[in-house]
Amino acid sequence: MLTVSYMPGCTLKTTGRNYEDSMLKLLYKLNVKVEELKNWFCCGTTYSMASDNLMNQLAPIRTLLRAKQTGRRELLVLCSMCYNTLRRAQDLVLHDEEKRNKINEFMYLEETNFNGDEVRVIHLLNYLKEFIGFETLADGIIKKTSDLKVAPYYGCMLLRPEEISIDESSENPGIMEELFQACGIDNVYFPFKTECCGSYQTVNKKDIVISRTSKIINSAVNNKADMITTSCPLCYFNLDSSQGTLVDNVPGFKTIPVMYVSQILALFVGIEDATDYSMHSIDPRPVLKEKGLLG
Amino acid sequence: MLQMLKGIKAKNHLESIKYFLRYLLQEKRVDAVLVPKRHPNGRSVSHALITDPLNTEGSDPLAPVQTVNAACILKELTKEPTDKKIAVVLRPCEVRAAIELIKIKQVSDENLYMIGYDCPGVYDAKEYMNIIEKEEDREKFTLKYIEAFLSDKKEEIRESCSYCMYFTADSADINMAWIGLNSSDLVIGVNTEKGKKLINDLETEEISDSSRRKEKIGMISTGRKQIQKDRIDNFLDLIQPCIRCYNCREVCPLCYCKECLLEPEKMGYSSVRYMNRAIKKKQIKMPDDTVLYHLTKINHMGYSCVSCGICEQACPMDIPLGMIYNVFSRKIQALFDYVPGRSRDEELPVTTFREEELSEVEDIQQPRGK
Amino acid sequence: MNVQLSSEELDNEDIDKIIEISGANLFACYQCGKCTAGCPTSEFMDIPPHEVIRLLQFGQIEEILCKNTLWICASCITCAVRCPKGVDLSKIMEALRQIFLRKNVNYVHPNEVPNEELQTLPQIALIANFRKFTH
Amino acid sequence: MKNPEHMNRIGVFVCHCGINIASIVDIEAVTKEISKYPGVEFIKDYQYMCSEPGQMIFKEACRSGQIDGIVVASCSPTLHETTFRRASIEAGMNPYRVEIANIREQCSWVHHDEEEKATEKAIDIMKSVIERSRRNESLTEVSLQTIKKVLVIGAGISGMQVALNIANSGVETFLLDRQPSIGGRMAQLSETFPTLDCSQCILTPRMVEVGQNKNITLMTYSEVEEVSGYVGNFNVKIRRKAAYVDWDKCTGCGICYQKCPKTVPSEFEQLIGKRKAIYTPFPQAVPNKVVIDNNNCLYFKTGKCRLCEKACPLGAIDFEQKERIEEIEVGAIVVATGYDLYEKEKIEEYKMGYCEDVLDGLTFERLLSSSGPTQGKLVRPSDGTVPKEIVFIQCVGSRDPDNHLPYCSRICCMYTAKHTMLYKHRVPDGQPYVFYMDIRSGGKNYEEFVQRAIEEDNVLYIRGRVARLYREDDKVVVVGADTLSGKTIVIRADMVVLAMAMRPSGGIEELSKKLKIQVDGNGFLSEAHPKLRPVETLTQGVFVAGCAQAPKDITDTVSQAGAAASKVLELLSNEKLLHDPITSWIDEELCAGCGQCVSQCSYNAIQLDEKKRKAFINEILCQGCGACIVTCPSGAAQQKNFTIKQYYSMIESLV
């Protein structure tokens, strides 16, 4: 049995609950023990790019220190924002000796230092690929006949900047496609899979987010997808929640459900109770029923 | 990986080594064996080239004295090509020196089989002569010495041995091991294809657990590392007593030039010139090239120096040359990530250019600006 | 409005600060516009991203701070990934926001976010937004 | 005071260089001091030593028989060493007895505000050079016979031009190419800028001329295997690949490829056209001979077929043919290996848009070419429709140091303009768009050509890079910027042409190693000097031409080819080559045979005799760089007239 340390981040306990729940159930079924860090910190959600201010790096580094103290090499993260923030903070510490020393000096109360290479921040997708294997995952697929077509949406934070990308290419990632292909799930050509959804502008500049998501959603719909799938709680929120406004304002706008990768996988391996469908503003159940994934 | 030669049973290490050498000659695996042998009067040892198996009696490679770095003898032995195979029994520093000499083509290893052994270090030769004088059973002195070494009794070995980090002959064709091993059987490590050929149909048994040996070697290394000096602050003071006898050059296994660049006649110095210079500079030091001599020697040999310490032993003025060489050459070798005698395949640092070194040069030439 | 250029104008403390905070080399930019072409939000900006760098090259930092461009940027880092000259524009945008916010002014006022929004918005959106837009 | 050992009658000439030296260095004081220096027999100063009267004084002194060594204190030896050495020859003295003491660049110029010190330094410099010249030997230049034959590697327009120029001067030339035919990239082009004349029409006659030239031996379908020797005497082993066809019999009638059942994409057609497994690359191929591509031939793959063999009326097919190594000897080598395009697959952000209708420039040329797969009809490879909206993107992979190649590929601005015009001529109602960053149109009539495209053919030039391509329906969406208006531009294109960066053709690195010439950071061949020796390499006797050296257009390539040819002819015009005698030699008494010098020699001039345990220097290869001398711990390696003793005495005179 595999055991892995896990850092959920703030949103997976609230609006992103479906993501965490489905992931936990999925990994349980795959015989992986997920141990949440006892004492994690909010990562800051967005990486601070001001090089003269290291305060913002303390929280992610502290979380990494906690992970280091577990003695495990990997720290599993699900949220793209957490992934990005932790990875970049780690990268900073690893490659900039001066800043590493400064940060470690500041955290003199900690029992140990963080050097940058003790813990690998690993995203769920990489974890599934490297530690479980897509073939193993495929072996557990029981819904083999479904012709559900998914549009895998990556967003920004898993891919950029290039040096922290989960995949080898920031422009043409393929890990989700690979995963779906291995599991016999169709995916569509989706040229907007790496285009930004508008991110945190959703708080005070809704119009930007609406404009972005409409392009992304249209591209998925035009390419005949039944479902957009993502692994970021903010992308999920923006893509899902903006559709209500779009329906009201754009004549002929076609909606499409948005689901987390783990939600879809859970369904395919036969876990039906992983998800609270009432949290979706575009209810995926009709499509899921049509495709034989829900009874 | 170490293995035990099964056919060889002897009461102690020395005996088993002798037995092995005798075996090599008897079975005609080699035509001759070069090994330190006790003098008839029993006081000192010197190298003998043995062809008759019976003459291996009296071999004493473990005797804690080194009168010559045997790599020098190999230069003589392989000057011209012969078809006779020779097994040479060498201390680790001698193996390393020999490998360096192979690289610079001063020793040909075509027909040589290098057999190294765990080295307990040696006394200063003069001191050894004094001690052995008082010993009744000179044969047994070597064994007593090894026992003392194994039981960690502090022995007054000569200084350059006391910080030697390469006391196991891992780059020889075959190395004979005893440190950290219980048995008095002959335990060997085979490190090259050649070594494998030498023992090919002998019955052996693998030694599965060598953790105690590793531990012991680690312990000795750690202790020795602490003794090593890292810098020399008074180089000029240290070499001041030099009388320019050039003994250090004569005994150095790696000084291979036919005629030293630093011979006065090569400098083109005439009496007139000495005089002219003295007039111009008000005075000059005579002999005037001690500093130049030592610096040049370090410059020429630093990357290959194996720190055998034979130069220090040879110095009539007791200049700590072994220590000086050890400090300088370790720094030079670290620059190139080079350990002399570690491997036959490692090229001499001065004869190659690594690609990353090239980029260092480029970086200097094209500073990155805004 | 004319831009009057002079050596003093160009040798500007604020520009040095931008370079310090961002670590980006403004002067490597050769104005190819690839950042603008790829920017997902450029249509909402007063001035396009490449012009931000151009104005910085002219030392005209005030010109930029009064535009909305730095607040429209969503830090998606597409520009930095594609830049042929390795100029990290996303870091320059961050530096510009910092220059503004460090004068102790907020661009977004957390108190003014409607309560029902606070209930529905994910934490990451709120925290990220406040991090980028408040001092 | 006489030195008994060495020549000791030295004449010294001090040049004022107008006021360049004399206004700083006190010539009188120098002359006075040096005249007292041991061995100085004669001293004279003059306003301009290099002038005619100055040289007269110099020659007179040489002829007097009074002196046997000369030191000229003047400017840098790079300027006038040759002048004075030549003068000494005329006066009957060995030129290597003349040395220059540099008291201008290394003294008066750099110490112009400290006259006294400059004078002292001038004296020191002169003393040390006098010391050195005391032990100079009379040397004679080494001469070697040259082979009056030339190898040209690469038979594109550049290599063809070099070969023709040389062959027309009566020198035998081997023209080698790894392809079955000569012609290179230019044969693939449709029309050429800025005249729009047909590439084939101007190239084919040249190819025929090359094929028929008595002094040119074609070695197509061949590669360089090994190069040894040196300037004037190269020995080259050439691998003649197996064509599986006896070229002595083959007439290129083409019956075989009509019968061949196996069709594969044609490399010459950039994979949008087809060829057979037995083929000539294109109908006008020179030599007009077929080759069998054994990777695709059914017989080689399955053991069955041999239809071509049955069809060939001349019995030329030979499935048993083996590749063979041929050896040739030449006096000079010209490298003209040309270019490849940077792979478009490396542009990740465009990949989402890739389909059959996104082409690189060369493929577009084939699409335009009247001998191409569509006979010059401009249609989309995907569905055969005529593209109405066509986007050209420049600088793809070029000028992108962070992700791709840093340099400008130099021809794309012009050929893109050409592409737009050719497109408009074929599709008058179509709309071409060009994304550019700068337009570089510095050649004769080039700017006018670009302006013509913009003004007369209504090509819309958009200043900015393209961030991304993706497909939508059957269109390719191009997302770019126009930095002039500050707008993001989106175009739904029917076809996209990428002006991919140019890079040296594959295999150039191995070839450069074989030839011992250098490549630069981008893989192009390095010239000996960027301005003054643009077609020579640092290895004597090896020259470069065309895009192997840097991106360039046909005009520049042909000019450079001419330059390379003239350098070759200059070299071979001498019966014998003279080699500077200042070379290294090994003192056998001292050499211990350690071999360290061998690995230091960049010119392969040193060999080790392992039996004798001695190193030997081939003085023809030795360039006198001194690397072996520095390496040799024994002082066995020495350089003529730069011996260790000479250095010691130079130092001695200074300290």
Side-chain angles (χ1 to χ4, degrees), chain B residues 75 78-81 100-108 110 249 252 254-278 280-281 284 288-289 292 296-304 347-353 358-359 362 365-366 368, chain D residues 1-6 37-39 124 127 131-132 134-135 401 518 520-521 586-602 606 608-615 627-638 643-655:
Chain B
K75 279 197 256 184
T78 64
K79 223 167 16 185
E80 293 95 24
E100 288 305 288
L101 288 170
I102 290 167
K103 288 180 195 170
I104 49 176
K105 302 187 167 56
Q106 303 303 302
V107 165
S108 155
E110 213 185 318
R249 187 177 78 197
C252 176
L254 292 162
C255 262
Y256 66 92
C257 290
K258 291 191 165 169
E259 193 181 294
C260 183
L261 188 68
L262 297 159
E263 289 299 328
E265 59 266 30
K266 285 190 82 175
M267 305 275 227
Y269 260 68
S270 58
S271 357
V272 177
R273 282 179 177 280
Y274 277 121
M275 217 42 230
N276 282 347
R277 222 172 123 208
K280 196 167 166 186
K281 308 257 291 184
I284 55 172
D288 69 335
D289 68 341
L292 181 67
T296 308
K297 187 165 175 348
I298 289 165
N299 179 28
H300 280 180
M301 306 286 73
Y303 50 84
S304 275
E347 285 181 278
L348 286 176
V350 287
T351 61
T352 50
F353 218 102
L358 207 64
S359 72
E362 274 173 359
Q365 283 174 347
Q366 309 168 326
R368 284 192 177 177
Chain D
M1 199 164 58
K2 279 257 171 188
N3 184 332
E5 279 182 67
H6 306 290
Y37 199 70
D124 277 348
K127 280 182 181 170
E131 280 305 325
R132 185 181 153 212
R134 231 188 258 296
R135 290 172 195 259
Q518 288 172 319
D520 64 23
I586 302 281
D587 186 336
E588 279 195 41
E589 292 283 302
L590 299 180
C591 177
C594 71
Q596 294 194 45
C597 53
V598 176
S599 62
Q600 293 300 303
C601 181
S602 308
I606 313 183
L608 190 69
D609 184 329
E610 299 229 3
K611 268 209 182 118
K612 281 195 184 165
R613 290 202 180 166
K614 303 262 176 262
C628 52
I629 296 155
V630 186
T631 314
C632 180
S634 319
Q638 292 277 309
T643 60
I644 290 178
K645 280 190 181 169
Q646 281 177 298
Y647 278 116
Y648 279 145
S649 48
M650 283 176 86
I651 296 166
E652 177 72 2
S653 75
L654 295 173
V655 292

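Predicted, not measured: the structure shown is a model, and the values here were computed from it.
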- Task: Locate the shortest heavy-atom distance separating D:E588 from B:K258; write the atom from each residue and the value.
- Result: O-NZ, 4.3 Å

- Query: What are the two closest non-hydrogen atoms of D:Q600 and B:V350, and how far apart are they?
  - Reply: NE2-O, 2.5 Å

Measuring heavy-atom distances to chain B, does [X] have an atom under 4.5 Å in its side chain, in its backbone, in both, or in neither?
X: D:Q596; result: both
X: D:C597; result: neither
X: D:L590; result: both
X: D:S653; result: backbone

- Item | Most chain B-contacting option - heavy-atom pairs closer than 4.5 Å, from D:P633, D:G635, D:S599 |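 Among D:P633, D:G635, D:S599, the one with the most close pairs to chain B is D:P633.
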
- Query: Looking at D:G595, D:S634, D:A636, which has the largest count of heavy-atom pairs under 4.5 Å with chain B?
  - Reply: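 Of D:G595, D:S634, D:A636, D:S634 has the most heavy-atom pairs under 4.5 Å with chain B.
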
- Message: Only pairs of heavy atoms separated by less than 4.5 Å count here; which of B:K105, B:E347, B:K280, B:K281 has the most with chain D?
- Response: B:K105

- Message: Measuring only between side-chain heavy atoms, which start at C-beta, is D:R613 closer than 4.5 Å to B:S108?
- Response: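 They are in side-chain contact.
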
- Query: Does any non-hydrogen side-chain atom of B:E259 lie less than 4.5 Å from one of D:E589?
  - Reply: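 No, side chains not in contact.
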
- Query: Which bit of B:K103 is near chain D, if near means a heavy-atom gap under 4.5 Å: side chain, backbone, both or neither?
  - Reply: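 Just the backbone, heavy atoms under 4.5 Å.
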
- Any chance NZ of D:K612 has more than 12 other-residue heavy atoms, nucleotides or ligands included, within less than 6.0 Å?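 No, the 6.0 Å shell around NZ holds no more than 12 heavy atoms from other groups.
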
